[in-house]
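What you see below is based on every heavy atom in this structure, not just the backbone, and it leaves out hydrogens, waters and symmetry mates. Just so it is clear: chains get the letters A, B, ... in the order the sequence lines come, proteins before strands, and each one is counted from 1.
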Amino acid sequence: MLDFLGNLERTHRCGTLRAADAGKQVVLMGWVNRRRDHGNLIFLDLRDRSGICQIVLDKELTPGGHARGEQVRSEYVVAAIGKVRLRAPEAINLKMETGEIEIEATELRILNDARLTPFSPAEEAIKDEEVRLKYRYVDLRRAEMQRNFRLRHEITLAIRANLSQQGFLEIETPILTKSTPEGARDFLVPSRVHAGEFYALPQSPQIFKQILMISGFDRYFQIARCFRDEDLRADRQLEFTQIDLEMSFPRRESVFAVVEQFLAAGFAAAGVTLPTPFPRITYDDSMRQFGSDKPDLRLPGLTDVRPAFTDENLATLQIDPALPVVALRIPNVGELSRKEREDNHPLFDQKKGAKFIDDFKRLAKSFPEAAAKVRELTGASDADFVIVVAGDPAHHIKASDTKFPGRLSEREINVYAAAGNFRTELAKKYADRHGAFRMTEETVEAAHVHGAADPIDGSKAFYPIWIVDFPMFEYELASGKWVPAHHPFTAPYEADMANLVSDPASVRADCYDLAMNGLELGSGSIRIHRKDVQQQIFASLGISDEEARKRFGFFLDALEYGTPPHGGIALGLDRIIMLLAGAANLREVIAFPKTAKAIDLMADAPTTVTEQQLRELHVRVALKS
RNA sequence: GGGGACGUAGCUCAGUUGGUCAGAGCGCUGCCCUGUCACGGCAGAGGUCGCGGGUUCGAGCCCCGUCGUCCCCGCCA
């Protein structure tokens, strides 16, 4: 039998009661976390989002409440009415925040029963994520998830407040819109009113926020949902949230200052101080030093070990002497058996035209001097695991071999990237041995305990870094054309403008990425605000006026009506939360995420729709058999 | 599209060379228990070993295929 709530009002939350509340008459409501039945005495741990409180049901004192207590099971929803009392000294539980008190219940109302849950929200996350996601409502009851979403709320709130303080207005832009010029696939929504036509969900509010600058709003921001129909990863979902902002009359440095401020505010809300300003690195240096444009500075970088080898060495080893020869070092891994090394081989991306040497004993046997020099150059201790990565001359890949002065060739980038990926994959695998991530974990844990009121130093746990000086264009091998590496409204450096047509390889883009601990947190740019520059860019891309007008017509119109110099950035909010929650993937900080195969296991989406719906939308489905 | 890991009870897992191997802990159900807080005690229920096919006298174990989850590459500038 279930009881009615009646006009009963909750007076307190479970986790908030302390010794000072002793004697108070209270009404608590929540879920039964655990029940301990001692026969004539029953203990209930009652849980709500604030925490847990022990309810005592004594058969002698309250026979009715005790009878109800016998019926109760895990996750039943109950109301406990009674008095807060101090526990006897020997019954105090220091592991509980409310461990000094308990509720001597006079009445227990069962507001709802519950089926046996497939796993207990009172415990740590189960490994089977399929079950967690299917029963997401149960999973979200777990303290860790409750904490993650409270954290998300606090960080978001702090960032909003900070941006507002910095003079930014939050303005919403459409969800049903037109395809935006980010490179991803669009999610399309068929129009019922306009047969055969489609809206696109925004990949970002890019064009709208630039138009807001033309409209004179000067500083705009939005906590914006974005949609990209691409394959998912640990740090990529189909829909995600960006802290999107744009400002008028900015220099790059002013954008950086704004971001550093609001990010520090967000971190502070999570109990972590983040020193500003953030360091910078050029794209080329980032590739050379880390083999990545989102470097993780917690680990040693790559070392150029080309000088360790003679030309004969390289010839014997079948290494391309024109490409980089780098070493990666994972500290304190110890000596690996042949089997262990072979198990690591799938972590190396074979398709990048690079090869690696991870058998150092063998290398030392054939090339003792080179091997010694490599270890010397990398500064490796005996316990450090060192791998040499180099270009494979035998491996023909689809990449431009052409070397343009002053910038890395595609093949060079590929070798660096192969080394960089290997570095991060191995670092993930041997995290326990090198311990480079431990400080981050400890800081996150400590921050959860200390809270925003008493923030702790994050400088050894979080390594933000600006990546700058990206090349403006990429050489497309198939067409033999230079194509923009970024969206076509990204401004070139004013100093490089003269070379747009004559030497596109040398032109740098005035855009920037922000990375932290191996994650790309965001990217932005100074935009093109002048029609003549925009035309030059289009011309250099071989885009005709007509074509440009068709793709970006309304925006090009807007540009002609008094566009201020402007620029901005967008940061991935989910990724920021993920870092501060100490989560391994975005699903831990998104309430209802999708699986790697883009499925919502709880809602069971996507699904087919009725013929009627399709007809109204003028859509016919043609499945490939 | 490609590579890798995993899939045995509700959950976490063990299962040797193919031969009583259908197992453990937790959870669950029933009974007992007035100071537990991962309560305890006794008893019990619970399995298409992801699915399909093959090899074999015999398959949880070997082979092929397939599905699902996760990680990575491609893709996402």
Any A:T595 side-chain N or O less than 4.0 Å from OP1/OP2 of B:U69:
yes
Nucleotide-resolved protein contact map, nucleotides 29-38 of chain B, B/S/- at heavy-atom distance under 4.0 Å:
SS--BBBBBS
With a cut-off of less than 4.0 Å, is there a side-chain N or O of A:K352 near OP1 or OP2 of B:G74?
yes
Pairing partner (Watson-Crick or G-U wobble, both distances under 3.5 angstrom) of B:C6:
B:G68
Distance check needed: B:G74 P versus A:R185 CZ, whole Å only.
14 Å
Sticking with atom C1', work out how far B:G40 lies from B:C26, rounded to a whole angstrom.
15 Å
Quickly work out the A:D229 CG to B:A77 P distance and round it to whole Å.
12 Å
Taking the P atom of each, how far is B:C6 from B:U16, in whole Å?
15 Å
Atom CZ of A:F187 and atom C1' of B:C76 are separated, to the nearest Å, by 12 Å
Excluding sequence neighbours, so at least two apart, what forms salt bridge (Lys or Arg N to Asp or Glu O under 4.0 Å) with A:K428?
A:E425
Rounded to whole angstrom units, what separation is found between the CG atom of A:N344 and the C1' atom of B:G4?
12 Å
Between A:R587 and B:C71, is there a side-chain N or O to OP1/OP2 distance below 4.0 Å?
yes
Calculate the interatomic distance between A:H486 atom NE2 and B:C76 atom P; express it in whole Å.
14 Å
Let me have the donor-acceptor pairs involving side chains of residues 599-607 of chain A, under 3.5 Å, with sequence neighbours excluded, atom names and distances please.
residue : atom : partner : partner atom : Å
A:D600  : OD1  : A:M602  : N            : 3.0
A:D600  : OD1  : A:A603  : N            : 2.9

Counting side-chain heavy atoms from CB outward, which of B:C71, B:C28, B:C75 is closest to A:S74?
B:C28
State whether the number of non-hydrogen atoms from other residues, nucleotides or ligands found under 6.0 Å of A:W466 atom CH2 is greater than 12.
yes
Mind checking A:A485 for me? I need base, sugar-phosphate or nothing, with any heavy atom below 4.0 Å counting as a touch.
base
Pair A:F385 + A:H434: ring centers closer than 6.0 Å:
no
How about A:Q146: does its CD atom have over 12 heavy atoms from other parts shown lying under 6.0 Å from it?
yes
What orientation do A:H486 and A:F470 show, parallel under 30°, tilted 30 to 60°, or perpendicular over 60°?
perpendicular
On RNA chain B, compare the nucleotides closest to A:A234 and A:P346; which residue's is nearer the 5' end?
A:P346
Whole angstrom value for the distance that separates C1' of B:C72 from CD of A:Q350
13 Å
Within residues 61-73 of chain A or reaching into it, pairs that qualify as salt bridge (charged side-chain N to carboxylate O under 4.0 Å, His left out) - sequence neighbours excluded
A:D3-A:R68
Measuring only the C1' atom in each nucleotide, how far is B:C21 from B:C63? A whole number of Å is fine.
22 Å
Length of the line joining A:F227:CZ and B:C75:P, which is rounded to integer Å:
24 Å
Just by protein heavy atoms under 4.0 Å, how would nucleotides 6-14 of chain B read 5' to 3' in B, S and -?
----SSSS-
With A:R147 via side-chain hydrogen bond (donor to acceptor under 3.5 Å, both in side chains) - residues at least two apart
A:H448
May I ask which nucleotide in the shown strands pairs with B:A24, Watson-Crick or G-U wobble, both distances under 3.5 Å?
B:U12
Please state whether the base of B:A77 and the side chain of A:T490 form at least one donor-acceptor pair under 3.5 Å?
no
Could you give the distance separating B:C62 and B:U17 at their C1' atoms, to the nearest angstrom?
12 Å
Could I get the full list of salt bridge (Lys or Arg N to Asp or Glu O under 4.0 Å) partners for A:R142, not counting sequence neighbours?
A:D139, A:E144
For A:E412, what residues pass the salt bridge (Lys or Arg N to Asp or Glu O under 4.0 Å) criterion, not counting sequence neighbours?
A:K403
Answer for the Watson-Crick or wobble partner of B:C75, both distances under 3.5 Å, is none
Expressed as a whole number of angstroms, how long is the span from A:E75:CD to B:C28:C1'?
14 Å
Would you call the rings of A:H487 and A:F489 parallel, tilted or perpendicular, taking 30° and 60° as the class edges?
tilted
Hey, is the side chain of A:R228 pairing donor to acceptor with the base of B:C76 inside 3.5 Å?
no
Paired nucleotide for B:G19 [Watson-Crick or G-U wobble; both distances under 3.5 Å]
B:C57
Does the base of B:G3 carry an N or O that pairs as donor and acceptor with the side chain of A:D349 under 3.5 Å?
no
Who are the side-chain hydrogen bond (donor to acceptor under 3.5 Å, both in side chains) partners of A:E588, not counting sequence neighbours?
A:R132
When the C1' atoms of B:G65 and B:C72 are compared, how many Å lie between them, rounded to an integer?
24 Å
Taking the same atom, C1', in B:C28 and in B:U12, what whole-Å distance lies between them?
15 Å
Rounded P spacing from B:A59 to B:U20 in Å
12 Å
Rounded to whole angstrom, note down the C1' distance from B:G41 over to B:G68.
42 Å
